[in-house]
Number of protein chains: 2
Amino acid sequence: MSEPAHPAQSRRPARTNATRQKLFDASMLLIGERGPASVTVDEIAAAAGVSKGTVYYNFGSKSEMIAALLEHGVEMLESRLVSLSPAAKAVDDLQEMLGAMLDFFAEYPSFAQLLVSEMWRTPGEWHETLTLLRERLVGVIGGAVERVAQENQVDTEITPASVAGAILGATFVIGLDRLVFHPDRSREQALAVVMTVIRGYLR
Amino acid sequence: MSEPAHPAQSRRPARTNATRQKLFDASMLLIGERGPASVTVDEIAAAAGVSKGTVYYNFGSKSEMIAALLEHGVEMLESRLVSLSPAAKAVDDLQEMLGAMLDFFAEYPSFAQLLVSEMWRTPGEWHETLTLLRERLVGVIGGAVERVAQENQVDTEITPASVAGAILGATFVIGLDRLVFHPDRSREQALAVVMTVIRGYLR
DNA sequence: CTACCAAAACTGACCGGTCAGTTCAAATAG
DNA sequence: CTATTTGAACTGACCGGTCAGTTTTGGTAG
């Protein structure tokens with residue numbers, strides 16, 4: 001019996017991490033493409049080259065596995081954003097950040113798709129998890145926006161927080177639009193459109 | 001046997017339209033909240049106060065019903081946008097249009113949610129339908145953007161079409177953000193943020 | 001080096017339940 | 001009279017979750 005009791009994340013029991021990574025990769029792809037509800041645990045397990053029982057051993061349920069997947073993805077994105085080398089001007093900093101986001105979405109399109117499809121679902125199975133994750137991203141971007149507001153003349157009618165939210169959302173949809181409807185569009189073009197939001201914020 | 005042969009849309013067989021409307025309302029709510037895959041046909045029929053058989057008589061399948069739902073919603077939105085009274089300046093025209101979009105999303109939040117969750121899904125069950133519908137909306141907005149480009153100095157590095165796409169996406173996410181995460185935010189504040197994109201486009 | 005062991009990790013057949021889709025005779029509305 | 005709706009039964013596939021049993025791992029003792 002031995003009560004599975006999910007292995008503490010702090011511990012690093014050899015195989016487990018590799019197994020989890022395989023499950024992340026497989027489920028990110030499948031779930032991004034067809035949605036959490038339409039993908040079966042059997043499919044995910046098969047795609048990861050692992051048995052169904054392993055999924056339930058590592059995560060307690062399908063729902064918890066998806067929550068962990070969401071967290072994992074946002075952590076990856078966040079760590080990329082904060083580890084960016086600071087530029088001379090705050091605007092350039094922000095631009096680099098948004099470029100990194102576009103790159104991330106291009107690298108993990110299924111994750112971006114999953115995020116937009118669940119982000120605003122209310123009531124949603126992962127709404128609380130997503131609210132927290134969103135706040136973290138808005139926080140990172142918001143910091144950069146505030147520095148822009150300090151260095152430049154900006155529209156004081158609009159709060160930095162709402163600008164950060166708009167930028168986050170706009171980057172999502174522009175990134176996905178480019179991947180799905182305009183594969184010809186270059187990274188620079190997409191970035192230019194995203195930066196339009198900032199330009200409109202400056203006075 | 002009698003082969004149901006879905007009633008031609010052009011015909012208006014009395015009760016049918018009322019039945020369809022009830023099904024639209026009920027399914028829009030349920031599907032927007034929990035996603036197409038998680039909602040059962042029995043649920044939708046019950047919520048619409050209609051029997052399951054009626055669903056299959058009017059639409060051939062669950063999938064076709066959802067496709068019809070998407071079309072119906074976009075048609076409603078489109079008809080609102082094109083019936084707007086033209087303003088003196090093209091920018092004001094665009095602003096009114098985006099305001100109407102925000103109002104529409106506030107009125108049918110579940111539809112907005114459904115649209116963002118399926119819009120970029122590839123391969124998706126309704127991807128072709130959605131591609132067409134998206135083009136129609138981008139077309140309407142794009143027209144207004146082009147008139148702005150004619151009346152004003154704009155950033156020629158960015159095409160009107162990509163601006164239209166960005167505006168459409170930004171309006172989606174800002175509208176949903178407001179409904180879900182910032183119910184305190186006023187319509188005017190949301191509109192101001194959306195208009196930021198246009199401001200950045202102007203030179 | 002090897003034999004052994006306990007815990008951790010993994011397996012996959014299996015179960016109970018759910019759901020889309022089908023059918024149809026009877027009722028109702030226009 | 002015809003088009004539409006009802007409601008209930010049925011099916012056949014599918015799916016999330018369980019669990020008894022198996023394999024792997026990392027360590028310990030001889």
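Each chain gets a letter, A, B and so on, in the order its sequence line appears, and its residues count up from 1.
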Looking at B:Thr19, does any N or O in its side chain come under 4.0 Å of the phosphate oxygens OP1/OP2 on D:dT5? yes
Could you check whether the rings of B:Phe111 and B:Phe104 sit parallel, tilted or perpendicular, using 30° and 60° as the cut-offs? perpendicular
Please report the distance, rounded to the nearest Å, between CZ in A:Phe59 and C1' in D:dG17. 16 Å
Just N and O in the side chain of A:Tyr57: are any of them under 4.0 Å from OP1 or OP2 of C:dC10? no
What bend angle does the helix from C:dC1-D:dG30 to C:dG30-D:dC1 show across its length, from five-pair end axes and to the nearest 10 degrees? 30°
Does this structure show an ion pair linking A:Asp103 with A:Arg80, if we count only N-O contacts that are shorter than 4.0 Å? no
Closest to the A:Lys52 side chain: D:dT6, D:dG16, C:dC10? D:dG16
OP1, OP2 of C:dA9 versus side-chain N and O of A:Thr54: anything below 4.0 Å? no
Give, ordered by number, those residues of residues 26-43 of chain B having at least one heavy-atom distance below 4.0 Å to an atom of DNA chain D; if nothing qualifies, reply none. none
Spacing of A:Leu94 atom CG and A:Ile167 atom CD1 [to the nearest 0.5 Å]: 5.0 Å
For a quick check under 3.5 Å, do B:Gln21 and B:Asp25 share a side-chain donor-acceptor pair by atom type? yes
Give me the ring orientation class for B:His127 and A:Phe181: parallel if the planes are under 30° apart, tilted from 30 to 60°, perpendicular past 60°. parallel
Given C:dA20, D:dG17, C:dC10, the nucleotide with the shortest approach to the side chain of B:Tyr56: C:dA20
Any A:Phe105 side-chain heavy atom under 4.5 Å of A:Thr171 side chain: yes
Any side-chain N or O of B:Asn58 under 4.0 Å from OP1/OP2 of D:dT5? yes
What's the CZ-C1' distance between B:Arg20 and D:dA3, to the nearest Å? 14 Å
State, yes or no, whether a side-chain contact exists between A:Lys62 and A:Ile66 at a heavy-atom distance under 4.5 Å. yes
Taking only distance into account, with no hydrogens and no angle test, what donor-acceptor pairs under 3.5 Å do side-chain atoms of residues 40-48 of chain A form with protein atoms, sequence neighbours excluded?
unit_1: A:Thr40; atom_1: OG1; unit_2: A:Glu43; atom_2: N; d: 3.0
unit_1: A:Thr40; atom_1: OG1; unit_2: A:Glu43; atom_2: OE1; d: 3.4
unit_1: A:Asp42; atom_1: OD2; unit_2: A:Lys52; atom_2: NZ; d: 3.1
unit_1: A:Glu43; atom_1: OE1; unit_2: A:Arg34; atom_2: NH2; d: 3.0
unit_1: A:Glu43; atom_1: OE1; unit_2: A:Thr40; atom_2: N; d: 3.0
unit_1: A:Glu43; atom_1: OE2; unit_2: A:Arg34; atom_2: NH1; d: 3.0
unit_1: A:Glu43; atom_1: OE2; unit_2: A:Arg34; atom_2: NH2; d: 3.0

Roughly, in whole Å, what's the span from CG in B:Leu23 to P in D:dT4? 14 Å
Is the side chain of A:Arg185 donor-acceptor paired with the backbone N or O of A:Arg178 at a distance under 3.5 Å, no angle test? no
Of B:Lys62 and A:Ser51, the one whose closest nucleotide on DNA chain C sits nearer the 5' end is A:Ser51
